Structure formats: C-alpha cells, structure tokens
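Report on the structure given below.
Both backbone and side-chain heavy atoms feed into the values below; hydrogens, waters and symmetry mates do not. We count ligands from 1, going down the list as the structure has it; atoms in each ligand are counted the same way. The model shown is predicted, which means the values in this text are computed figures rather than measured ones.
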Amino acid sequence: VTASATSGYGYGVNGGYKALNTYYSSGTYYLYDVTKPMSGVIRTTTAKNGTSIPGWYSVDSNNAWTAYSQGADVDAHYNAGKVYDYYYNTHNRNSYDNSGSTLTSTVHYGSNYNNAFWNGSQMVYGDGDGSTFAPLSGALDVVAHELTHAVTERTAGLQYQYQSGALNESMSDVFGYFLDSGDWLMGEDVYTPGVGGDALRSLSNPEAYGQPSHMNDYVNTSSDNGGVHTNSGIPNKAGYLTISSIGKSAAEKIYYRALTVYLTPTSDFSDARAALLQSAADYYGSGSSTYNAVANAWNQVGVY
Ligand SMILES: Cc1cccc(C(=O)O)c1OC(=O)C1CC1
Ligand SMILES: [Zn+2]
C-alpha cells in the first residue's frame with residue numbers, strides 16, 4: 001500500500017497562504033504531520049460542528065486545502081506546528097509533555113462556538129459566531145495560548161481558580177505574546193472580524209478590555225473560576241513591563257524556568273514574582289539589571 005508524508009498548501013481563516021505537512025494514503029490526503037522529532041505526530045481533525053471529539057480526520061482529495069470551510073483546519077494544523085517548533089527550538093521542550101506526544105487539534109467544534117480550550121488531552125476550537133469570533137484557530141496567539149495551558153498542566157499545574165488560575169491564564173497570554181510578538185494584543189486576528197483594531201485582551205493596557213493592571217483593583221468574584229480571565233490583567237501587565245525592560249529572549253528564559261521549575265499548583269501572584277526573580281538570579285545573578293527590572297515590574301502592579 002503506498003502511503004507517505006506529503007507537502008500541501010492551503011488558505012487560512014484570514015486567507016493567508018500556508019504550506020502544510022500532510023500525509024497521503026489510498027487516494028486521500030490528511031492533516032497529519034510526521035516530520036517532527038517526536039514519538040507522536042501533529043494531527044488535525046474536525047468535529048463537523050458537533051461536540052464529539054476528536055471527530056474525524058480533516059481530509060482533502062488533492063492536497064490543496066483551499067475551500068473557505070477548510071481555513072480553520074489549515075490554521076489549526078499550521079499554527080500547532082509553529083507552536084511545537086517554538087517550544088522545541090527555544091526551550092528544548094518536545095511537545096506539551098516533553099515526551100514528544102501527539103498533538104491533536106479538533107476544529108469546527110459546536111455551533112457558533114465562541115471558545116477554544118485544551119481539554120486535558122487535546123486542543124479544541126470553535127468556529128465562532130462570525131460576529132464575536134472568526135474560527136479561533138486562525139490566530140497564532142490563540143493556539144499558543146491553548147497549547148501553553150497543556151504545558152502549564154504538565155509542569156506547574158497551576159490550579160484553574162483565583163490567583164493561581166489567573167497566573168495560569170497569564171502564562172498562556174505571555175507565551176501567546178512570545179509566539180506572536182508583533183503586538184501586545186491577544187486574539188486580535190480572530191476577534192470581532194467586522195471590527196478592526198480591537199482584541200480579546202491587551203497585555204500593555206489590560207484596562208482597555210476591562211481587566212485590572214494593579215492589585216488595588218483585583219476583582220474578588222466567584223464567577224469565571226474566581227475571575228481568571230479578569231485578574232490575569234495584573235500578571236499580564238507585569239509581563240509587559242518585564243519584556244519591555246529586559247527584552248524577549250531573557251524574558252522567555254525566566255518565564256519558562258519559572259513555569260517549569262519553581263511554580264506549583266497553588267502559587268499566587270507573590271509566588272510568581274518570587275519564581276521569576278529566582279529564575280532571573282539563576283540566569284543573570286541577583287542584583288543584576290535583569291533581576292532589578294523584574295522586581296520593578298511587579299512593584300508597579302502592586303505585587304511584592
Ligand atoms: C476564547 C476563550 C474563551 C474561554 C476560555 C479561553 C481560554 O483558553 O482561556 C478562551 O481562549 C482564549 O482566551 C484565547 C486567548 C484567546
Ligand atoms: Zn486560557
């Protein structure tokens with residue numbers, strides 16, 4: 001039986017050309033990438049607008065994934081490959097579990113579903129309702145956000161509630177920035193497709209989207225698991241100040257080390273400050289300019 005790795009192409013959610021690592025078997029092409037140094041593969045499936053996952057492999061007859069409805073599949077596959085490459089090349093981490101396990105993304109989940117999530121085993125993306133969101137895999141920072149939830153789950157294990165949950169969210173947004181560092185916005189490529197210049201969140205100006213950026217404005221609530229998508233504005237602002245001060249490369253090192261070595265399931269904002277300071281000391285020395293910049297960033301958001 002002739003089956004092999006193939007190279008295809010397609011158009012993403014926003015029409016961008018994307019080269020794709022695909023697989024051919026018995027007359028059909030699959031979004032199935034066997035080119036990475038992993039024990040598993042990177043594969044993309046469709047829920048066909050139902051809710052059973054992983055659903056069915058995304059398939060094509062001629063390896064030209066150019067149908068409008070295939071945009072979500074194309075971007076989920078392409079962006080997952082980009083995030084895999086980032087963690088492998090920048091942090092020497094092989095997939096979310098550092099054991100090269102398969103990365104599965106399921107698109108076309110639900111109907112008019114304005115969400116994306118890591119379900120503990122795979123990434124899942126809704127198509128959006130066309131007003132609030134376009135298909136959510138269309139944004140690299142969204143895919144990086146979701147895959148970072150998986151990394152966090154396998155490392156720090158930050159509990160998804162209250163301050164540890166807001167930290168969990170912030171780690172996903174900060175690594176979303178590391179992947180898509182052209183701006184300080186989150187989700188801008190798929191948020192409100194009919195409205196330009198807006199986003200789901202801003203790391204540099206959390207208030208622009210209703211988030212606090214200082215402990216004085218911490219929101220005490222039980223909704224959204226204790227406001228995890230609201231209070232993440234505080235560590236996000238500290239992240240923006242840190243990256244702006246020490247640069248992306250140093251920030252990537254101390255954030256990855258904090259996440260994988262020092263943070264624990266119940267870490268709060270003050271623990272995050274300490275973890276990042278310790279990571280800065282490990283790499284650059286306590287009292288280094290990098291160390292002092294981290295301390296200053298967290299001072300500015302009222303976390304000590
Ligand atoms: C759109 C959305 C809804 C609910 C939860 C999440 C979640 O993954 O926390 C979510 O995705 C994001 O926040 C990504 C960054 C845009
Ligand atoms: Zn999240």
Please say whether [X] places an N or O atom under 3.5 Å from an N or O atom belonging to ligand 1.
X: E146; answer: yes
X: N114; answer: no
X: E169; answer: yes

Please write down residue, atom name and distance for the protein heavy atom closest to [atom].
atom: atom 3 (C) of ligand 1; result: N115 OD1, 3.4 Å
atom: atom 5 (C) of ligand 1; result: H229 NE2, 3.5 Å
atom: atom 10 (C) of ligand 1; result: A116 O, 3.7 Å
atom: atom 15 (C) of ligand 1; result: R201 NH2, 3.3 Å

Please tell me if the side chains of [X] and [Y] come closer than 4.5 Å, counting only heavy atoms from C-beta onward.
X: N220; Y: Y218; answer: yes
X: R43; Y: T102; answer: yes
X: D33; Y: V41; answer: no
X: Q211; Y: R201; answer: yes

Worksheet item: Testing D127, T45, T46, N49 for side-chain hydrogen bond (donor to acceptor under 3.5 Å, both in side chains) with H108, which one passes?
Response: D127
Worksheet item: Listing by chain and number, what protein N/O/S atoms are under 2.8 Å from the Zn ion (ligand 2)?
Response: H145 NE2, H149 NE2, E169 OE2
Worksheet entry | Y68, OH: over 12 other non-hydrogen atoms inside 6.0 angstrom | no
Worksheet item: If you count the non-hydrogen atoms of other residues, nucleotides and ligands that lie under 6.0 Å from CG in N92, is the total more than 12?
Response: no
Practice prompt. Could you state whether L185 and V13 fall into the same hydrophobic cluster, counting links through intermediate Ile, Leu, Val, Met, Phe, Trp or Tyr residues with side-chain heavy atoms under 4.5 angstrom apart?
Written response: no
Contact atoms of ligand 1, heavy-atom distance to [X] under 4.0 Å:
X: V142; value: 16 (C)
X: H149; value: 8 (O), 9 (O)
X: L200; value: 13 (O), 16 (C)
X: M186; value: 15 (C)

Worksheet item: At a 4.0 Å cut-off, with the gap strictly under it, does some heavy atom of L136 reach an atom of ligand 1?
Response: yes
Who passes ring pair (Phe, Tyr, Trp, His ring centres under 6.0 Å) against [X], sequence neighbours left out?
X: Y255; result: none
X: Y24; result: Y29
X: Y78; result: none

Worksheet entry | Region of Y160 engaging ligand 1 - heavy atom pairs below 4.0 Å | side chain
Worksheet item: Is a donor on one side and an acceptor on the other found under 3.5 Å between the side chain of S7 and the backbone of N21?
Response: no
